[in-house]
Amino acid sequence: DAGVTQTPRHEVAEKGQTIILKCEPVSGHNDLFWYRQTKIQGLELLSYFRSKSLMEDGGAFKDRFKAEMLNSSFSTLKIQPTEPKDSAVYLCASSPGNSDYTFGSGTRLLVI
Amino acid sequence: GDSVTQTEGQVTVSESKSLIINCTYSTTSIAYPNLFWYVRYPGEGLQLLLKVITAGQKGSSRGFEATYNKETTSFHLQKASVQESDSAVYYCALVPDTNAYKVIFGKGTHLHVLP
């Protein structure tokens, strides 16, 4: 099953550290999304790529969050420096260019 | 802007009882939105539960149903008899029109089914 692969599944970081989350989208999907999931805010869009071009980066997250997509099969989300309030589940999703999203299992980040 | 409002927090239901999770939406699009329910089971990724793109129609999956009501702008999720395995977080979502790329999610409802 060639779904969306996210690594690592879990990450623990100390405040101030830099962490990099990774995502491999479904082969052939043109769109890739990074979301942050928390109980309070639900799902918040961090970044959106279409054909490797950054189309949208959630304004509130520009400061310390940077997503990149160097090729069509791999994307990273860097958080630098991390803060305790960044503790959340980070989800990557891809789609063929419509609303048929495929989500990864997510990376659970804990910043202490 | 576009938004989705759903039953917030945790909902606790005993096994074999009925369930309803409320969802209403708002959109500035002149087109009718596509509506979705996503589910995240413990330890798994977010996955599509059901999708309805035509107003007035009903979607169903795994015993769950939701009817797209454009008059009340609602898309409530219902199940006649829940099982313990239904315990999960449920998200109502919309896409403003068929050509839009961005899915707008509600904040999620955590369903806890008691055995």
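So that the names make sense, note that chain A is the first sequence line, chain B the second, and so on, each numbered from 1.
- With rounding to the nearest 0.5 Å, the separation of NZ in A:K78 from CD1 in A:I20 is 5.5 Å.
- A:V4 does not touch chain B: none of its heavy atoms, backbone or side chain, sits under 4.5 Å away.
- Using a 4.5 Å cut-off between heavy atoms, B:L46 contacts chain A through both its backbone and its side chain.
- If you measure heavy-atom distances from A:Q6 to chain B, you find no contacts under 4.5 Å at all.
- In this structure, the separation between CG on B:N69 and SG on B:C23 is 11.5 Å, given to the nearest 0.5 Å.
- Residues B:K70 and B:Y25 come closest through the heavy atom pair CA-OH, 3.8 Å.
- One hydrophobic cluster, built from ILVMFWY side chains closer than 4.5 Å, holds both A:L46 and A:L54.
- At least one donor-acceptor pair closer than 3.5 Å links the side chain of B:Q6 to the backbone N or O of B:G108.
- Taking non-hydrogen atoms and a 4.5 Å limit, the residue list of residues 100-112 of chain A in contact with chain B, ordered by number, reads A:D100, A:Y101, A:F103, A:G104, A:S105.
- Side-chain atoms of B:Y38 and B:R40 form no donor-acceptor pair, as typed in the model, at a separation below 3.5 Å.
- Checking side-chain atoms of A:Q17 against main-chain N and O of A:E14 turns up a donor-acceptor pair under 3.5 Å.
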